[in-house]
2 protein chains.
Amino acid sequence: MLVELDFRRHVPIYVQIVERLKHLMATEILKPGDQLPTIRQLADDLRVNFNTVARAYRILDQASLVSTQQGRGTYVLESLPPNQSTRLREEALKALTQLFLTEAAQLGFEPDEVARDVESSIESWREAGMPPDGDGKKVK
Amino acid sequence: MLVELDFRRHVPIYVQIVERLKHLMATEILKPGDQLPTIRQLADDLRVNFNTVARAYRILDQASLVSTQQGRGTYVLESLPPNQSTRLREEALKALTQLFLTEAAQLGFEPDEVARDVESSIESWREAGMPPDGDGKKVK
DNA sequence: ATGCCTATTGTACTAATTGTATGATTGTAA
DNA sequence: TTACAATCATACAATTAGTACAATAGGCAT
């Protein structure tokens, strides 16, 4: 059993689930890319209503720890090391950017075209307060 | 492997397949007249139900990017109206940009940081007159 | 050539699996 | 009791999987 609960603790079930799953991810028992049990599966295991599990998963999703999608399931995301040195951060971004530009160049685009496109997308990002569509989480 | 999937992305498999194939066509890795893998072949490669691939192919077919024929296979159309060819490139760039920004955001970067980094990288690109860094020739 | 068989290819429809949305119920504390 | 958070019940929507079918091409015997 992946997750266990203590019904005597005065801690809500969904919080306990979040805690346990966070722990499992922190200890790499659950690794990036792994699929979590479906909400119904875990709910059955825990003898709990599946909406309670769904609530826990939603919290993890909003924290960008997992990615859940209707009809497919819930998957562990890469854990972003919370406060790596600015040095490493810069390098990570640089690598990502290089990869992006290389691909764009491969599509035959000129620097100016790419610049224009990226700038407008980043502008929408600023306004919307979230990364552009394509994967946007709907925070209602 | 011609197409690769990321189950962690908030994007359905069939959409990811469409995206990847569009990209391959935009970069002319798949040229007009080329036969795409059969739906069952690609489904096996990706470890996915063949109906999922069929759905992707149907979308490409409806977008007039490929021609699929029962009993024969699926082929990249000969002449994407030249108009549409440039549109395909535009779309590919847009998708690429969004993926890039989404990943950056997921790593915890702010729009301003990304903007600054991208601008400077594009600047070097302009000066060098060629795609950034590396040989950029990773055709697998 | 003709006809027949078979394998391969895409199609259509349905079922199963998965998460989502919303409101009702329950329990607990003020 | 009342208020509020937690949990549950129900109906729903999106994605993927299962099954049966139809069109095409190629081989082969006649």
Side-chain angles (χ1 to χ4, degrees), chain A residues 2-21 30 33-77 133-140, chain B residues 2-21 30 33-77:
Chain A
L2 204 59
V3 175
E4 303 212 346
L5 300 178
D6 182 348
F7 288 91
R8 289 158 303 187
R9 277 177 74 197
H10 277 202
V11 175
I13 307 295
Y14 72 93
V15 172
Q16 289 190 43
I17 296 175
V18 169
E19 281 176 356
R20 300 305 300 151
L21 289 177
L30 283 175
D34 285 355
Q35 178 172 18
L36 268 56
T38 69
I39 59 179
R40 278 166 236 263
Q41 177 63 55
L42 185 52
D44 280 357
D45 287 357
L46 301 179
R47 313 299 202 71
V48 143
N49 185 277
F50 72 81
N51 282 294
T52 302
V53 177
R55 184 169 180 177
Y57 278 22
R58 197 177 327 126
I59 289 172
L60 290 168
D61 187 78
Q62 283 164 359
S64 291
L65 293 175
V66 303
S67 160
T68 104
Q69 186 166 353
Q70 186 169 354
R72 286 221 288 132
T74 301
Y75 298 84
V76 180
L77 290 175
D133 170 50
D135 167 343
K137 310 190 202 318
K138 30 194 168 146
V139 186
K140 289 210 185 157
Chain B
L2 205 58
V3 174
E4 301 208 350
L5 300 178
D6 184 350
F7 287 87
R8 290 160 293 187
R9 283 182 66 200
H10 261 174
V11 174
I13 304 299
Y14 72 92
V15 173
Q16 289 190 42
I17 296 174
V18 169
E19 279 179 0
R20 298 306 298 150
L21 290 176
L30 282 175
D34 284 356
Q35 177 172 18
L36 269 56
T38 70
I39 59 180
R40 287 176 174 82
Q41 177 64 54
L42 185 51
D44 279 358
D45 286 356
L46 300 178
R47 312 294 211 66
V48 146
N49 187 277
F50 73 83
N51 281 296
T52 302
V53 178
R55 184 170 179 179
Y57 279 21
R58 198 179 327 127
I59 289 172
L60 290 169
D61 187 73
Q62 283 165 357
S64 295
L65 294 176
V66 304
S67 158
T68 118
Q69 299 154 25
Q70 187 169 349
R72 298 205 46 235
T74 300
Y75 299 83
V76 179
L77 277 187

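Side chains included, hydrogens not; waters and symmetry mates left out as well; all remaining heavy atoms used. Chain A is the first sequence line, chain B the second, and so forth, proteins listed ahead of strands; every chain is numbered from 1.
Residues passing the side-chain contact (heavy atoms from CB on, under 4.5 Å) test with A:Phe7 are A:Leu5, A:Ile13, A:Val48, sequence neighbours excluded. Take B:Asp6 and apply the side-chain contact (heavy atoms from CB on, under 4.5 Å) test, not counting sequence neighbours, and it matches B:Arg8, B:Arg9, B:Gln16. Residues passing the side chain to side chain donor-acceptor pair (under 3.5 Å) test with B:Asn49, sequence neighbours excluded: B:Asn51. Residues meeting the side-chain contact (heavy atoms from CB on, under 4.5 Å) test with A:Ala43, sequence neighbours left out: A:Phe50, A:Val53. Applying the side-chain contact (heavy atoms from CB on, under 4.5 Å) test to B:Gln69 and every residue at least two apart in sequence or in another chain returns B:Ser67, B:Arg72.
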With the criterion being N/O to N/O and under 3.5 Å, what pairs connect the protein with nucleotides 23-28 of chain C, and how long is each?
none

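Between A:Thr74 and the phosphate of C:dT18, there is no side-chain N or O to OP1/OP2 separation shorter than 4.0 Å.
With axes fitted over five pairs at each extremity, the angle between the ends of the helix from C:dA1-D:dT30 to C:dA30-D:dT1 is 10° (10° resolution).
Applying the side-chain hydrogen bond (donor to acceptor under 3.5 Å, both in side chains) definition to pairs two or more places apart or across chains, those involving residues 53-62 of chain B are B:Tyr14-B:Arg55. Listed by first and then second residue, the salt bridge (charged side-chain N to carboxylate O under 4.0 Å, His left out) pairs involving residues 37-50 of chain B amount to none (not counting sequence neighbours).
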Quick one: what's the B/S/- string for nucleotides 13-20 of chain D, heavy-atom cutoff under 4.0 Å, read 5' to 3'?
BBBBBBB-

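Between the CD1 atom of B:Ile17 and the CD atom of B:Glu4 there is a distance of 12.5 Å, given to the nearest 0.5 Å. Atom CG of B:Leu42 is separated from atom CG of B:Leu2 by 7.5 Å, given to the nearest 0.5 angstrom.
Regarding B:Gln35, its CD atom lies at a distance of 11 Å from the C1' atom of C:dT8, rounded to whole Å. Counting to the nearest Å, the P atom of C:dT20 and the CD1 atom of A:Ile59 are 13 Å from each other.
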Please determine whether side chain to side chain contact (heavy atoms under 4.5 Å, CB included) holds for the pair B:Leu65 and B:Leu77, giving the CA-CA distance in whole Å, both sets of side-chain angles, and the decisive distance to 0.1 Å.
CA-CA 6 Å; B:Leu65 294 176; B:Leu77 277 187; over 6 Å; no

